[in-house]
Amino acid sequence: MRILVVEDDWITAQMLTHALEAFGYSVTVAEDGDEAYQYVRSGEFRLVVTDWEMPGMSGLELCQRIRSRSSGGYVYVILLTSYTGVENVVRGLDAGADEYLTKPFTTEELAMRLRVGERILSLESRDMTIFALAKLAESRDSETGEHLERMREYCRILAEELSTHPRYREIVDGEYVAQMYLTSPLHDIGKVGIPDSILLKPGKLTSKEFEIMKEHALIGGRTLQSVAEQHPEASYLRMARDIALTHHERVDGGGYPVGLRGESIPLCGRIAALADVYDALTSKRVYKDAYDHAIAKEIILSERHQHFDSDIVDAFISREEDFLSVSQRYQSEVVESITNESLLTNA
Amino acid sequence: MSTVTSNTTLTPLTSAQVLDLPQLLERCLGDLAFAERCLVKFQQRLQADVEQLQESVNAGDTFEVARIAHLIKGSAATVAAMPLAETANAVEAAARQEVSCDAELVTATEVFVKEVKRFMDVVPMFSTIG
Ligand SMILES: [Fe+2]
Ligand SMILES: [Fe+2]
């Protein structure tokens, strides 16, 4: 992994380089903040160790500039400083530093800070990989637009709301909410196993075709199950499996692939079911216009105890404003990109 | 009065170890040859920096004094020359005082230069170990 060391003092830069190379990093040294910022802009560095006090742009300003960039992946910044005390720690954090290393550094502390940084960066790339995979699977199905983006927002809103409910407080914590957001885009990953002739068919499916279409839940569930077995420590994979397998189950037992009832459907599957249906209702499809929120709400309410878990319907009702704003936000983004495109063609 | 205080806090340092060898070796991951190269390089720079520092003290350029002392403090701490780092810190602090006190700066510089000399005497001894 590449690492950028920003240090105006030659000896400290040398010693950091020596230690970091021994740890297996490939090191680039910048002598001041401006030079460092140019390196960061190249996009090749995701780990930065920077001195605080330097001539020209200080380490603190460098942090601020790195954070104000909107492009690229997250850059993990460790601030090297001889400043101690709460006030300085707060200043550094405000500027966007992730960690501190006190000067003169010890290699033990350096190694520890880097381990944390690498872990955080690997989580970020994991999250992006999962979403990219989901997008790839969805890309064959061209009409769904920003379905996955909205879907994970709806799932997060519902899970957040349930976490305030005494019955769910024990199960739905911050971690659960985050995992719901992370894994819900994978719900239709099994569609990669459905032939084009059915997946992309413009008209209504015959009942035989619909039976094949339904298999996407089993295919996705099985695929994620085998990955989850190989990585038993990764609980999010089990949630991903449950969502893929059960997002078309109904609490009245009329869903597929198994026909599970009520609470035998995993909670995450029950949450994903409502989020998925709400988005299908409020989005335009080849065979239908987008329903507005009021109609979608009416349909969901009428399916309480049938398709949907009543607690989740209640959560939806308490947070309907948030649902509406998510659906509007993504709609306005679509409109905006269309407008931009037409501006370009006019020019 | 403050001159006296800073003097008394600095006195015990002169008897302290010039170099904290275990600390330096930790920072070099036990690589003695590398530690030696760093010390030699540091020593070469120190010589030039001290001359510049003394000139700036004589010229009354406290801004420049503070800048040089700060740099020396940082690299001295990195090579684990703790008394050197602390005496350099005292010079920096004296140079940064809002109301400049020449006597204090001069005294701090004297203490610092004495420490530099002690350091210069010890480093070649260390080099022969490696
Ligand atoms: Fe589905
Ligand atoms: Fe879906």
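First the proteins, then the strands, lettered A, B, ... as listed; each starts at 1.
Here B/H70 is the residue among B/H70, B/K73, B/R37, B/R67 with the most heavy-atom pairs under 4.5 Å with chain A. Top candidate by heavy-atom pairs under 4.5 Å with chain A, chosen from B/A80, B/G74, B/C28, is B/C28.
Note that CG of B/L29 and CE of A/M15 are 10.5 Å apart. Values are rounded to the nearest 0.5 Å. A distance of 14.5 Å separates CD of A/Q14 from CZ of B/F42, quoted to the nearest 0.5 Å.
Heavy-atom distances place no part of A/D51 under 4.5 Å from chain B, backbone and side chain included.
Contact check for A/I11 versus B/R45: no side-chain heavy atoms found under the 4.5 Å cut-off. Between B/L71 and A/W10, every side-chain heavy-atom pair lies at or beyond the 4.5 Å cut-off. Looking only at side-chain heavy atoms (C-beta outward), B/C38 and A/H18 stay at 4.5 Å or farther from each other.
Between the side chain of B/R27 and the backbone N or O of A/F105 there is at least one donor-acceptor pair closer than 3.5 Å. Distance alone, capped at 3.5 Å, is enough to place a donor-acceptor pair between the A/T107 side chain and the B/E26 backbone.
Open room surrounds CD on A/E108; 12 or fewer heavy atoms of other groups in view lie less than 6.0 Å from it. Enclosure of atom CD in A/E175 is not indicated, since only 12 or fewer non-hydrogen atoms of other residues, nucleotides or ligands lie within 6.0 angstrom. Atom CZ of A/R2 is surrounded by more than 12 heavy atoms from other residues, nucleotides or ligands within 6.0 Å. In the displayed structure, A/E31 atom CD is contacted under 6.0 Å by at most 12 heavy atoms of other residues, nucleotides or ligands. More than 12 heavy atoms of other residues, nucleotides or ligands lie within 6.0 Å of CZ in A/R126, so this atom counts as buried by the packing criterion.
Here the closest heavy-atom approach between residue A/P104 and residue B/A77 is recorded as CB-O, 3.4 Å.
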